*Asks:* 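So that we are looking at the same thing, I have put the structure below in structure tokens.
Predicted model, so just to flag it, every value in this text is computed and none were measured. As a basis for the values below, the full set of heavy atoms in this structure was taken, side chains included, without hydrogen atoms, waters or symmetry mates.
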Amino acid sequence: MPELLTAVLSFAVPLFITLFILPKFCHLASAIGLIDQPGRRKVHTSPRPLVGGLAMSLGVAIGCLLFMPLTTITGYGGGSMRGFYAGLVILVLIGFFDDFREVNHRLKFLGQIIAAVMVVYFSRVSLTTFGDLLHLGSIDFPSLGLPMTVLGIVGVINALNMIDGVDGLAGGISLAAFVSFAFLSFIDGHRTIMLLCLAISGALVAFLKYNWHPSLLFMGDAGSLFLGFSASFVSIVITQEPGSLVKPVAPLLVLAVPITDTLTVMTKRVMKGKSPFYADKTHLHHILLKYGFTKRQTAAIIIALSALFCLLAIAGTLLDIPEYDLFLVFLIYFFSYFSASFFVKRILHTRRTKESRAAA
């Protein structure tokens, strides 16, 4: 089959399959109680079916079976897709049961760790270098491949999970990321990974049709675990092969918005003596909502910011911009956001005081 046709079908088949099954899954969710109810820290006011992740993973699975090799990771020195598929099945199942009856967080972390270990041992993919981030030479750690891979995969999974707070937000950020990953995979010859990213992008387009505000359904933990695991796997594959054109800083930029938001929120929670996973309303989307932006505007602003970082990652790769320069951009954004987050509460209080006085 011609390469262009394969690429188009890899995108289109998951898109149409996901579009077809989402309404049917919604009816099934209502029948079995797979519903996200409104709550104190949630921004939706009516129940939503938690079927987006299941539908997307099914659409992508069919696309993979039809158009992608089940074993070889093309362009990755004989690596296998088996570990990725096995880990994905585990996480989607855990996500489904968590959406259905809420799984203990320790079990969820265990599932994420097992999935990461499968990637290392069965896909022969691991995180062993950060590249030349500090202009001091490449930061390599070949003997720490397993723990660093586990840390990276679990981190990205939870970053995407925690950013999922407004209609269309996690889906939009993920779509920008996987379109970028598809292009980066293409220019570096990772054909299998490119097709995987196109399949996930197609499923995400279908999902966003029902998830953009006002949403009809949510992706649930099954969706965020699926997308986070896929994003981390792709990030490692396209950057860790010797001689790769795509440097490790590129995925860091592609995922800069959810990573920065998660690190900031978790750090501030720890500084207050709370668990880093304590539920609150301090994420970027919560802040924008408090400033008066609508849900649709909030999602659009954050997705646009994420898309800018994606374009920077692509431009940096095509133009061969030094890794340490790109990393400096990430650090400036991270520390700017982290520092500003300490003043948000005071600014909001001052603004509300002025509005109250003006109204009086």
*Asks:* How about Leu28 and Val51: do any of their side-chain heavy atoms sit closer than 4.5 Å?
*Replies:*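 No. Closest side-chain heavy atoms not under 4.5 Å.
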*Asks:* Give a yes/no verdict on a cation-pi contact between Lys24 and Phe20, requiring under 6.0 Å between NZ or CZ and the six-membered ring centre and an angle within 45° of the axis.
*Replies:*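 Output yes; distance and angle both within limits.
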*Asks:* Which heavy atom of Pro49 sits nearest a heavy atom of Ala29, and at what distance?
*Replies:*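 Of all heavy-atom pairs spanning Pro49 and Ala29, the closest is CB-CB, 3.9 Å.
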*Asks:* Side chains of Phe100 and Leu50, heavy atoms from C-beta outward: is any pair under 4.5 Å?
*Replies:*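 No, their side chains stay 4.5 Å or more apart.
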*Asks:* Is there a donor-acceptor pair closer than 3.5 Å between any side-chain N or O of Asp167 and the backbone N or O of Ser215?
*Replies:*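 Yes; at least one donor-acceptor contact below 3.5 Å.
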*Asks:* State which residues pass ring-ring contact (aromatic ring centres under 6.0 Å, His included) with Phe109; sequence neighbours excluded, sorted by chain then number.
*Replies:*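 With neighbours one apart ignored, the set is Phe277.
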*Asks:* Go through it in stages, so that I can follow the logic: the residues are Leu305 and Ile301, the test is side-chain contact (heavy atoms from CB on, under 4.5 Å), and I'd like the CA-CA distance, side-chain angles, deciding distance and then a yes or no.
*Replies:* CA-CA 6 Å; Leu305 178 61; Ile301 290 170; 5.7 Å; no
*Asks:* Is there a donor-acceptor pair under 3.5 Å between the side chain of Arg296 and the backbone N or O of His213?
*Replies:*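 Answer holds: yes.
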*Asks:* Could you check whether any side-chain heavy atom of Val117 comes within less than 4.5 Å of a side-chain heavy atom of Leu146, counting everything from C-beta outward?
*Replies:*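 Result yes, sub-4.5 Å side-chain heavy-atom pair found.
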*Asks:* Looking at every heavy atom in both Leu22 and Ala206, which two are closest together, and how far apart are they?
*Replies:*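 Here Leu22 and Ala206 meet closest at CD1-O, 4.0 Å.
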*Asks:* Does the ring centre of Phe130 sit less than 6.0 Å away from the ring centre of Phe141?
*Replies:*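 Yes, the ring centres sit under 6.0 Å apart.
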*Asks:* Enumerate the residue pairs fulfilling side chain to side chain donor-acceptor pair (under 3.5 Å) with a member in residues 297-319, sequence neighbours excluded, ordered by first and then second residue.
*Replies:*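 Applying side chain to side chain donor-acceptor pair (under 3.5 Å) to every pair that reaches into residues 297-319, excluding sequence neighbours, yields Thr294-Gln297.
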*Asks:* Count I, L, V, M, F, W, Y as connected when their side-chain heavy atoms are under 4.5 Å apart, and connections chain through other members. Are Leu151 and Val270 then in the same cluster?
*Replies:*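 Different clusters.
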*Asks:* In Å and rounded to the nearest 0.5 Å, what is the CD1 to CG distance from Ile163 to Leu284?
*Replies:*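 Answer for the CD1-CG pair, Ile163 versus Leu284, is 6.0 Å.
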*Asks:* Take Val150 and Val154 through the side-chain contact (heavy atoms from CB on, under 4.5 Å) test and state the conclusion after the steps.
*Replies:* CA-CA 6 Å; Val150 171; Val154 172; 4.2 Å; yes
*Asks:* In chain order, what residues pass the ring-ring contact (aromatic ring centres under 6.0 Å, His included) check against Phe229, with sequence neighbours excluded?
*Replies:*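 So Phe229 forms a ring-ring contact (aromatic ring centres under 6.0 Å, His included) with Phe84.
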*Asks:* So, for Met68 and Ala199, which heavy atoms are closest and what is the spacing to 0.1 Å?
*Replies:*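 Heavy atoms of Met68 and Ala199 come nearest at CE-CB, 3.9 Å.
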*Asks:* Restricting to pairs with a member in residues 95-104, which pass salt bridge (charged side-chain N to carboxylate O under 4.0 Å, His left out), not counting sequence neighbours?
*Replies:*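 Those involving residues 95-104 are Asp98-Lys108.
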*Asks:* Answer yes or no: is there a donor N or O on one side and an acceptor on the other, between the side chain of Gln240 and the main chain of Thr128, under 3.5 Å?
*Replies:*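 Flag set: sc Gln240 to bb Thr128 pair under 3.5 Å.
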*Asks:* Check the pair Val92 / Leu225 against side-chain contact (heavy atoms from CB on, under 4.5 Å), numbers first and verdict last.
*Replies:* CA-CA 7 Å; Val92 170; Leu225 294 178; over 6 Å; no
*Asks:* Roughly how far apart are Phe233 CZ and Ile238 CD1, rounded to 0.5 Å?
*Replies:*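 Answer rounded to 0.5 Å: 11.0 Å.
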*Asks:* With a 4.5 Å cut-off on side-chain heavy atoms, are Leu227 and Met219 touching?
*Replies:*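 Met219 reaches Leu227 side chain to side chain.
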*Asks:* Got a sec, which residues hit side chain to side chain contact (heavy atoms under 4.5 Å, CB included) with Leu263, two or more places apart in sequence or on another chain?
*Replies:*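 Ile259, Phe334.
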*Asks:* Show every salt bridge (charged side-chain N to carboxylate O under 4.0 Å, His left out) that has at least one partner inside residues 310-326, sequence neighbours left out.
*Replies:*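 Every candidate salt bridge (charged side-chain N to carboxylate O under 4.0 Å, His left out) pair involving residues 310-326 fails, so no pair, neighbours aside, qualifies.
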*Asks:* If you group Ile, Leu, Val, Met, Phe, Trp and Tyr by side-chain heavy-atom gaps below 4.5 Å, do Phe181 and Leu311 land in one group?
*Replies:*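 No: no chain of side-chain contacts under 4.5 Å links Phe181 to Leu311.
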*Asks:* If I take atom OH from residue Tyr333 and atom CG from residue Leu308, how far apart are they, to the nearest 0.5 angstrom?
*Replies:*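 That separation rounds to 10.5 Å.
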*Asks:* With side-chain contact (heavy atoms from CB on, under 4.5 Å) as the test, would you mind laying out the steps for Leu54 and Leu34 before giving the verdict?
*Replies:* CA-CA 11 Å; Leu54 294 174; Leu34 188 60; 4.1 Å; yes
*Asks:* I want to check something: taking the side chain as every heavy atom from C-beta on, are Phe183 and Cys197 in contact at a cut-off of under 4.5 Å?
*Replies:*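 Phe183 vs Cys197: side chains apart.
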*Asks:* Determine whether His285 and Lys295 make a side-chain contact, defined as any pair of heavy atoms from C-beta on separated by less than 4.5 Å.
*Replies:*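 Not in contact.
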*Asks:* According to the salt bridge (charged side-chain N to carboxylate O under 4.0 Å, His left out) rule, which pairs have a member within residues 5-19, sequence neighbours left out?
*Replies:*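 Residue pairs passing salt bridge (charged side-chain N to carboxylate O under 4.0 Å, His left out), neighbours aside: none found.
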*Asks:* Tell me whether Arg48 contacts the main-chain N or O of Leu217 through its side chain, where contact means a donor paired with an acceptor under 3.5 Å.
*Replies:*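 Pair absent, no side-chain N/O of Arg48 close to backbone of Leu217.
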*Asks:* How about CZ on Phe338, more than 12 heavy atoms from neighbouring residues, nucleotides or ligands closer than 6.0 Å, or not?
*Replies:*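 Counting other residues, nucleotides and ligands, CZ of Phe338 exceeds 12 neighbours.
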*Asks:* Hey, is the main chain of Pro251 close enough, under 3.5 Å, to the side chain of Ser235 for a donor-acceptor pair?
*Replies:*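 Absent.
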*Asks:* Between Phe11 and Ser201, is there a side-chain heavy-atom distance shorter than 4.5 Å?
*Replies:*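 The answer is yes; the side chains approach within 4.5 Å.
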*Asks:* Donor-acceptor check, side chain of Lys268 to backbone of Ser341, threshold 3.5 angstrom: yes or no?
*Replies:*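 Side chain of Lys268 to backbone of Ser341: a pair is present.
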*Asks:* Nearest 0.5 angstrom please: Arg191 CZ to Ile193 CD1, how far?
*Replies:*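 Separation between the atoms: 11.5 Å.
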*Asks:* Could you list the cluster mates of Leu4? Members are the ILVMFWY residues connected by side-chain heavy atoms closer than 4.5 Å, either directly or through other members.
*Replies:*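 Leu4 shares its hydrophobic cluster with Val8.
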*Asks:* Can you confirm whether Phe293 is buried at CZ, in the sense that more than 12 heavy atoms of other residues, nucleotides or ligands lie under 6.0 Å from that atom?
*Replies:*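 No.
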*Asks:* Same cluster or not: Leu133 versus Leu245, using hydrophobic residues (I, L, V, M, F, W, Y) connected whenever any side-chain heavy atoms lie under 4.5 Å apart?
*Replies:*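 No; Leu245 is not reachable from Leu133 via cluster members.
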*Asks:* Membership question, hydrophobic clusters at under 4.5 Å side-chain separation (ILVMFWY): are Ile139 and Tyr324 in the same one?
*Replies:*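 In one cluster: no.
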*Asks:* Measure the spacing between CD1 of Ile173 and CG of Leu175 and express it to the nearest 0.5 Å.
*Replies:*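 Going from the CD1 atom of Ile173 to the CG atom of Leu175 covers 11.0 Å.
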*Asks:* Among the clusters formed by ILVMFWY side chains lying less than 4.5 Å apart, do Phe335 and Val257 turn up in the same one?
*Replies:*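 As far as the 4.5 Å side-chain criterion goes, Val257 and Phe335 are connected within one cluster.
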*Asks:* Would you mind listing the cluster partners of Leu93? Hydrophobic ones only (ILVMFWY), side-chain contacts under 4.5 Å, chaining allowed.
*Replies:*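 Leu93 shares its hydrophobic cluster with Val89.
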*Asks:* Running the 4.5 Å side-chain criterion over Ile, Leu, Val, Met, Phe, Trp and Tyr, what cluster does Leu328 land in, apart from itself?
*Replies:*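 Listed partners: Ile332.
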*Asks:* I need the minimum non-hydrogen distance between Leu195 and Ser10, along with the two atoms involved.
*Replies:*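 In terms of heavy atoms, the two residues are closest at CD2-OG, 3.4 Å.
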*Asks:* Is the side chain of Thr149 donor-acceptor paired with the backbone N or O of Leu127 at a distance under 3.5 Å, no angle test?
*Replies:*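 Yes; judged by distance alone, with no hydrogens or angles, the pair exists.
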*Asks:* Should Met162 and Met266 count as side-chain neighbours, where that means a heavy-atom distance under 4.5 Å?
*Replies:*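 They are in side-chain contact.
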*Asks:* For the atom pair SG (Cys26) and CD1 (Ile21), what is the distance rounded to the nearest 0.5 Å?
*Replies:*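 Here the rounded value is 10.5 Å.
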*Asks:* Please find the pair of heavy atoms, one from Ser123 and one from Met81, that lie closest to each other, and give the distance.
*Replies:*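 It is OG-C, 3.8 Å.
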*Asks:* I need the minimum non-hydrogen distance between Trp212 and Gly168, along with the two atoms involved.
*Replies:*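 That closest heavy-atom pairing would be CE3-CA, 3.7 Å.
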*Asks:* Can you pull out every side chain to side chain donor-acceptor pair (under 3.5 Å) where at least one residue sits in residues 243-265? Sequence neighbours excluded, please.
*Replies:*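 Matches after skipping sequence neighbours: Asp188-Ser244, Asp261-His283, Asp261-Tyr337.
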*Asks:* Taking side chain to side chain donor-acceptor pair (under 3.5 Å) as the cut-off, I'd like each qualifying pair that reaches into residues 129-147, sequence neighbours left out, listed once.
*Replies:*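 For residues 129-147: Thr129-Ser138, Thr129-Asp140, Ser138-Asp140.
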